[in-house]
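Remarks on the structure that follows.
The sequence lines fix the lettering, A, B, ..., with proteins before strands; numbering per chain opens at 1.
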Number of protein chains: 2
Amino acid sequence: MSSNENKNPPDSAVYFRLFTEIGIINQLASNRAERAMPHGLTMSQFGVLNHFSRGLPPKPPLELANAFQVTKGAMTNTLKQLEGKGFVDIVPHENDKRSKVVSISKKGRAAHQDAQIELAKQFADFSEAFSIEEISAQLPALEKLRIWLDENRA
Amino acid sequence: MSSNENKNPPDSAVYFRLFTEIGIINQLASNRAERAMPHGLTMSQFGVLNHFSRGLPPKPPLELANAFQVTKGAMTNTLKQLEGKGFVDIVPHENDKRSKVVSISKKGRAAHQDAQIELAKQFADFSEAFSIEEISAQLPALEKLRIWLDENRA
DNA sequence: CCAATATAGTTCAATATTAAACTAAATGCA
DNA sequence: TGCATTTAGTTTAATATTGAACTATATTGG
């Protein structure tokens with residue numbers, strides 16, 4: 001039986017394609033974004049700055065590791081770089097002497113702002129090709145996916 | 001004159017959120033998928049098997065590297081692993097003695113099939129939460145994004 | 001209370017990836 | 001033709017990440 005015509009893919013193919021498309025978009029977009037990063041920021045480092053720039057409150061490294069789905073060790077490394085650049089402040093936890101609390105610094109906010117400007121430049125052609133309305137229309141569905149995956153981690 | 005020509009910060013925020021959502025979805029989904037992989041396959045290795053399992057013809061390492069947006073060195077490594085597992089065949093190029101041609105092996109097809117089965121298990125709860133129709137509805141817009149980013153690599 | 005267990009963070013060895021140097025072969029152009 | 005340049009693939013040093021071991025502190029149950 002030839003599989004070249006009248007394809008009747010199983011249901012799972014649709015889900016598979018969703019994640020394949022998202023994976024490729026992420027790869028291409030990350031590649032662009034990485035090249036735009038100022039101050040020698042990696043995407044991981046930018047992610048942490050971005051997290052706090054969105055107004056989220058100071059929190060321990062472990063919570064950040066969970067938020068970004070990386071190991072504690074990876075977060076230790078990322079925070080070390082950020083602290084070295086003076087972009088975050090890391091202080092002992094008040095009540096729990098095992099723990100620490102990370103917050104963004106003034107310098108970190110400025111660096112994040114710089115990064116956003118560079119990103120806007122790097123994606124200028126993209127924003128010419130896709131209207132705000134077109135992109136906005138996609139966000140609710142993506143958010144729904146993201147929230148579900150986040151709340152139902154396997 | 002489209003609305004994306006003004007420089008209001010809120011405008012770029014929409015594009016920014018698009019890629020943030022996609023990045024998080026990718027991270028969460030990849031994390032799930034990685035844990036499902038049989039035969040010690042990495043996602044990179046699975047990607048290559050998947051490429052050929054979709055019926056695409058044998059091709060040189062460099063074309064694969066470009067298709068997956070990784071360096072030649074990374075592809076050398078990925079193909080070495082796959083060849084070691086007997087999942088791909090790598091033969092000299094007929095006309096160009098600098099080059100090689102990679103194809104999937106019978107064992108590779110079987111491994112890919114195993115992987116698909118494990119993936120379906122790992123994402124069973126996801127497919128219960130999201131209908132095929134709901135997911136299918138998102139694919140055209142994502143494809144459009146992917147194609148544009150692919151054809152306009154910065 | 002206190003011994004066992006759990007938790008937060010760091011360190012370490014292993015692995016994947018990158019950019020750049022390198023080898024070998026193909027192409028081009030004078 | 002023949003020399004310079006380009007191209008395909010490999011190798012190497014540097015870096016980010018992982019899982020596991022380890023340290024220090026906190027919690028829990030007898």
Of all the choices, dG9(C), dT11(D), dA16(D), which nucleotide is nearest to the side chain of N77(A) once you look at every atom?
-> dA16(D)
side-chain N/O S99(B) vs dA8(D) OP1/OP2, d < 4.0 Å | no
Which part of the nucleic acid, if any, lies within reach of K97(A) when heavy atoms closer than 4.0 Å are counted: base, sugar-phosphate only, or nothing?
-> sugar-phosphate
Quick one: are the ring centres of Y15(A) and F19(A) less than 6.0 Å apart?
-> no
What nucleotide among dT25(D), dG9(C), dA19(C) has an atom nearest to a side-chain atom of P60(A)?
-> dG9(C)
Could you state the atom-to-atom distance from CZ of R35(B) to C1' of dT18(D) in whole Å?
-> 13 Å
Hey, which of these two, N31(A) or R98(A), hits DNA chain C nearer its 5' end, going by closest nucleotide?
-> R98(A)
Consider the side chain of K100(A), meaning its heavy atoms from C-beta on, and name the nucleotide among dA16(C), dG9(D), dT10(C) that approaches it most closely.
-> dT10(C)
Would one find a side-chain N or O of S44(B) under 4.0 angstrom from OP1 or OP2 of dT17(C)?
-> yes
Check every strand shown and say whether T76(B) touches a base, only sugar-phosphate, or nothing at a heavy-atom separation below 4.0 Å.
-> base
According to a strict under-4.0 Å criterion, is K80(B) in side-chain N/O contact with OP1 or OP2 of dA16(C)?
-> no
May I ask you to decide if the ring planes of F87(A) and H39(A) are parallel, tilted or perpendicular, using 30° and 60° as cut-offs?
-> perpendicular
Just how far is it from atom NZ of K144(A) to atom CG of L149(A), taken to the nearest 0.5 Å?
-> 12.0 Å
What nucleic acid atoms does N95(A) come within less than 4.0 Å of, heavy atoms only: base, sugar-phosphate, or nothing?
-> sugar-phosphate
Test side-chain contact (heavy atoms from CB on, under 4.5 Å) applied to H51(A) and K59(A), step by step = CA-CA 11 Å; H51(A) 181 87; K59(A) 49 184 54 108; 3.0 Å; yes
